[in-house]
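To keep things clear, I will list the structure first and then write my remarks on it.
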Amino acid sequence: MGNVDAPIAVFDSGLGGVSVLREMIKVMPYEDMYYFGDSINAPYGTKSLEQVRELTISHVERFMEMGAKGVVVACNTATSAAVRKLRQMYPTLPLVGIEPAVKPAVERFPTGNILVMATPMTIREEKLHRLIERFGGDANVIPLACPGLMDFVEAGNIDSPEIYGFLRDILDPYKGQLDGVVLGCTHYPFVRRAIEDILGEQVAIFDGGYGTSKEIKRRLNEAGLLRKDTQRKGEIIFENSNNSQQKRDLFWKLLNY
Ligand code: DGL
């Protein structure tokens with residue numbers, strides 16, 4: 001049984017999960033959160049399924065040893081590789097893995113053209129295809145692998161001419177044809193402005209961060225693990241397998257972005 005006073009662990013291959021963490025802080029400002037980024041092993045999206053599964057499981061095992069009361073896998077790639085196994089390992093743990101926001105996008109545009117941007121692994125894995133089968137309905141859901149995009153964010157490069165050039169190269173073919181874009185990697189919300197500038201503001205952008213935050217809150221509540229003292233200010237602890245000042249500075253910059 002978890003301890004109400006323990007932190008919630010949030011995990012990503014790097015700093016992308018900060019886009020989920022910031023939503024979690026809005027939804028549960030009174031909770032302590034422990035954020036772990038595995039930047040030394042990033043990117044995950046171009047690794048093998050087995051590698052990502054092993055890495056993810058070993059991080060979650062450590063969070064359990066630390067006594068975390070809940071876990072958010074704030075990485076779509078790690079979710080597709082490991083969440084099913086983690087649920088088997090920890091059946092009573094409030095554990096939520098982010099997945100691309102296909103459902104809300106299709107609800108908004110039931111017969112629209114919806115682009116799903118994600119890492120090569122997320123695009124390849126069965127989980128996304130099942131999600132599209134289940135919720136895609138009559139919409140035209142177009143998966144687009146974006147290898148290399150997360151590296152810009154990891155380097156703190158989110159509004160340079162290079163990132164605009166990179167995004168134009170991959171998005172120009174879809175210009176004028178889309179109703180919505182699903183940001184299926186937690187790094188991508190940090191380049192949302194560039195995506196909007198390129199595709200135009202009439203294209204709606206969907207990101208799973210808020211839905212994931214509400215879901216972990218619901219799960220913690222159900223388990224009786226939400227703090228009662230909602231007036232307190234939660235503590236945010238940051239750790240990264242690449243323990244550099246650059247990552248620490250970028251973490252706080254992105255959290256306040
Ligand atoms: N942030 C991760 C995701 O949501 C992936 C980035 C990576 O390739 O490591 O999929």
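Because the structure is a prediction, the values reported are computed rather than measured. Counting starts at 1 for both ligands and their atoms, following the listed order.
Every atom of ligand 1 with a heavy atom of Gly45 under 4.0 Å away is listed here by number and element: 7 (C), 8 (O), 9 (O). Atoms of ligand 1 lying under 4.0 Å from at least one heavy atom of Cys185, given by number and element, are 1 (N), 2 (C), 3 (C), 4 (O), 5 (C), 6 (C), 10 (O). Taking every non-hydrogen atom of Met150 and a distance limit under 4.0 Å, the qualifying atoms of ligand 1 come out as 6 (C), 7 (C), 8 (O), 9 (O). Taking every heavy atom of Thr119 and a limit of under 4.0 angstrom, the matching atoms of ligand 1 come to 5 (C), 6 (C), 8 (O), 10 (O).
In terms of protein heavy-atom proximity, atom 10 (O) of ligand 1 is nearest to Thr77 OG1, 2.6 Å. Here the heavy atom of the protein found nearest to atom 6 (C) of ligand 1 is Ser13 OG, 3.4 Å.
With a 4.5 Å cut-off on side-chain heavy atoms, Val71 and Leu93 count as touching.
A donor-acceptor contact shorter than 3.5 Å is absent between the side chain of Gln246 and the backbone of Asn243. Side chain of Arg53 to backbone of Ala82: no donor-acceptor contact under 3.5 angstrom is found. The backbone N or O of Gly17 sits less than 3.5 Å from a side-chain atom of Asp12, completing a donor-acceptor pair.
When hydrophobic clusters are built by joining Ile, Leu, Val, Met, Phe, Trp and Tyr residues whose side-chain heavy atoms come closer than 4.5 Å, directly or via intermediates, Ile142 is not grouped with Ile132.
Cation-pi geometry between Arg62 and Phe36 is met: the NZ or CZ atom falls under 6.0 Å from the ring centre, inside 45° of the normal.
When heavy-atom distances to ligand 1 are checked against a 4.0 Å cut-off, Asp12 comes that close only through its side chain, counted from C-beta outward. Of all the heavy atoms of Cys75, the ones lying under 4.0 Å from any atom of ligand 1 are found in both the backbone and the side chain.
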